[in-house]
Amino acid sequence: MNIIARAAIALYDGGASSPVFPAKPDRPDDEAGAYLSAVAEKLMGSDGTRTTCVQSGGAQEELLRQFLSRPFGEAADMLLRAMDDALQTLEIPREGFDLAVFAFDRENEPHLCVAMLPYRQAVVHQVEPAGEDGAMLTRLLAHGTVLPPPGAKGVAGFVVNLSTGDIRLRDTQVLTNVGNRALFGEALFAMAPTRTTKEAVAAVTEMLEQAAPPDMTPQELRPAVKRAMSKSIEEKGVIDVEDVADEVFRSDPEREAIIEQVGRQMREEALEPVIPVENKRVVAQLQRVKIRTDNGVSITLPRELADDENSFAVVNNDDGTISIIISRVQTLKTE
């Protein structure tokens, strides 16, 4: 199903007429729509995606707001040309990519995606008639204008919910005349300096380790933190840091003081108390338990199995060694 309502693609292929701006943006065909939809999904759910917003009342906010009040073609042209002006001002090389601007609805709310699609080197084949006898000539051609797969690391951009102004940003660094800058978050737009979901999870884990009582080792704490984060996602759809801290330290007599310390650290580090989780990979990581032993054994378990004492146990032996017991296994496959 093609969910893309309108799309405008600016070409920066390095040719004599580059950049080429679309004269009349239109609804892409189904194949192009599927490609752009996949790009948007990757930008919203990638490991390197963070939640942010543009500066309130700034020029970029007004450019995005135009998509609510003007025809798509007019708003897209204004946005593309504003970004092109920024590229020139910052002396960012204007070749080797497409800039895509496209609109779609998600959960009955209007969304806009702005993406940079860097060309990749590829070899393609070409077939053409070789003569009047019907023979065909085949050849291989090197092309530098092949768009990357929608999930490729080089794809950068953002998806903005036009109803709320919330942005999911996946950025890339570029060299400008004032040094390295994040292409969308700093060079083309002024976006709030927030963390990716993965970075936020790591920062919260580190804060909880710092706040934990001395007798609670990292080996005990980290599985408890992952378990509490997974529980928060299951119950609320987000990681509520206060709930996580409360769950991890619920049996500690200094629980309230620990939670207060964590809250103070979060304010100092400008971490949001609630972490949105749109990244399925982060969720999957929190729902798994990884165990590594000193003799090279590595085991990955679903969390519900690791938490079931009847199915999984770690036993301390009299000789100081540790045994791992996995029970109730019906089949075993060696790969």
Side-chain angles (χ1 to χ4, degrees), residues 45-48 195-266 268-269 271 273-275 277 279-335:
S46 163
D47 275 351
R195 292 174 172 85
T196 66
T197 301
K198 186 176 181 180
E199 291 169 343
V201 167
V204 169
T205 303
E206 184 178 350
M207 288 180 183
L208 293 173
E209 287 182 354
Q210 294 172 357
D215 60 343
M216 192 173 191
T217 66
Q219 289 76 18
E220 294 177 276
L221 179 70
R222 294 204 168 198
V225 171
K226 292 180 70 174
R227 186 179 299 110
M229 288 183 176
S230 182
K231 181 180 178 181
S232 180
I233 293 171
E234 289 176 5
E235 294 179 351
K236 295 185 174 182
V238 297
I239 297 175
D240 187 313
V241 179
E242 184 173 338
D243 284 358
V244 170
D246 188 62
E247 176 72 15
V248 171
F249 303 112
R250 67 182 184 277
S251 60
D252 195 289
E254 300 296 326
R255 178 178 59 85
E256 292 185 6
I258 293 173
I259 294 174
E260 184 179 342
Q261 179 183 338
V262 171
R264 187 167 54 251
Q265 287 180 283
M266 291 188 63
E268 291 173 357
E269 295 292 330
L271 260 173
V274 174
I275 303 171
V277 181
N279 189 333
K280 295 179 180 178
R281 186 171 177 181
V282 170
V283 175
Q285 289 172 344
L286 293 174
Q287 292 175 341
R288 293 196 301 266
V289 176
K290 291 184 178 181
I291 297 173
R292 292 187 179 88
T293 68
D294 57 356
N295 59 356
V297 176
S298 179
I299 303 173
T300 301
L301 302 169
R303 180 160 303 283
E304 61 270 20
L305 177 63
D307 290 342
D308 183 357
E309 295 180 357
N310 295 318
S311 300
F312 176 77
V314 177
V315 180
N316 293 308
N317 302 315
D318 293 338
D319 61 0
T321 61
I322 299 172
S323 295
I324 298 172
I325 301 174
I326 302 176
S327 307
R328 299 182 176 181
V329 177
Q330 294 183 354
T331 61
L332 184 66
K333 182 180 180 181
T334 303
E335 297 181 351

Run the side chain to side chain contact (heavy atoms under 4.5 Å, CB included) test on V225 and E209 for me, step by step, so that the C-alpha distance in whole Å, both residues' side-chain angles and the decisive distance to 0.1 Å come before the verdict.
CA-CA 9 Å; V225 171; E209 287 182 354; over 6 Å; no

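Looking at residues two or more places apart in sequence or on another chain, you find no salt bridge (charged side-chain N to carboxylate O under 4.0 Å, His left out) involving E242. Residues passing the side-chain hydrogen bond (donor to acceptor under 3.5 Å, both in side chains) test with R255 are D246, sequence neighbours excluded.
Other residues, nucleotides and ligands contribute over 12 non-hydrogen atoms within 6.0 Å of the CG atom of D319.
Between the CZ atom in R227 and the CE atom in M229 there is a gap of 13.0 Å [rounded to 0.5 Å]. Atom CD of Q265 is separated from atom CD of E206 by 9.0 Å, given to the nearest 0.5 angstrom. Atom NZ of K236 is separated from atom CG of D243 by 3.5 Å, given to the nearest 0.5 angstrom. Taken from CD1 in I322 to CG in N317, the straight-line distance is 8.5 Å, to the nearest 0.5 Å. How far CG of L221 is from CE of M216: 4.5 Å, rounded to the nearest 0.5 Å.
A salt bridge links R250 with E247: the distance from a Lys NZ or Arg NE/NH1/NH2 to an Asp or Glu carboxylate oxygen falls below 4.0 Å.
Looking only at side-chain heavy atoms (C-beta outward), I239 and V204 stay at 4.5 Å or farther from each other.
Between the side chains of S232 and D240, no donor-acceptor pair is found at a separation under 3.5 Å.
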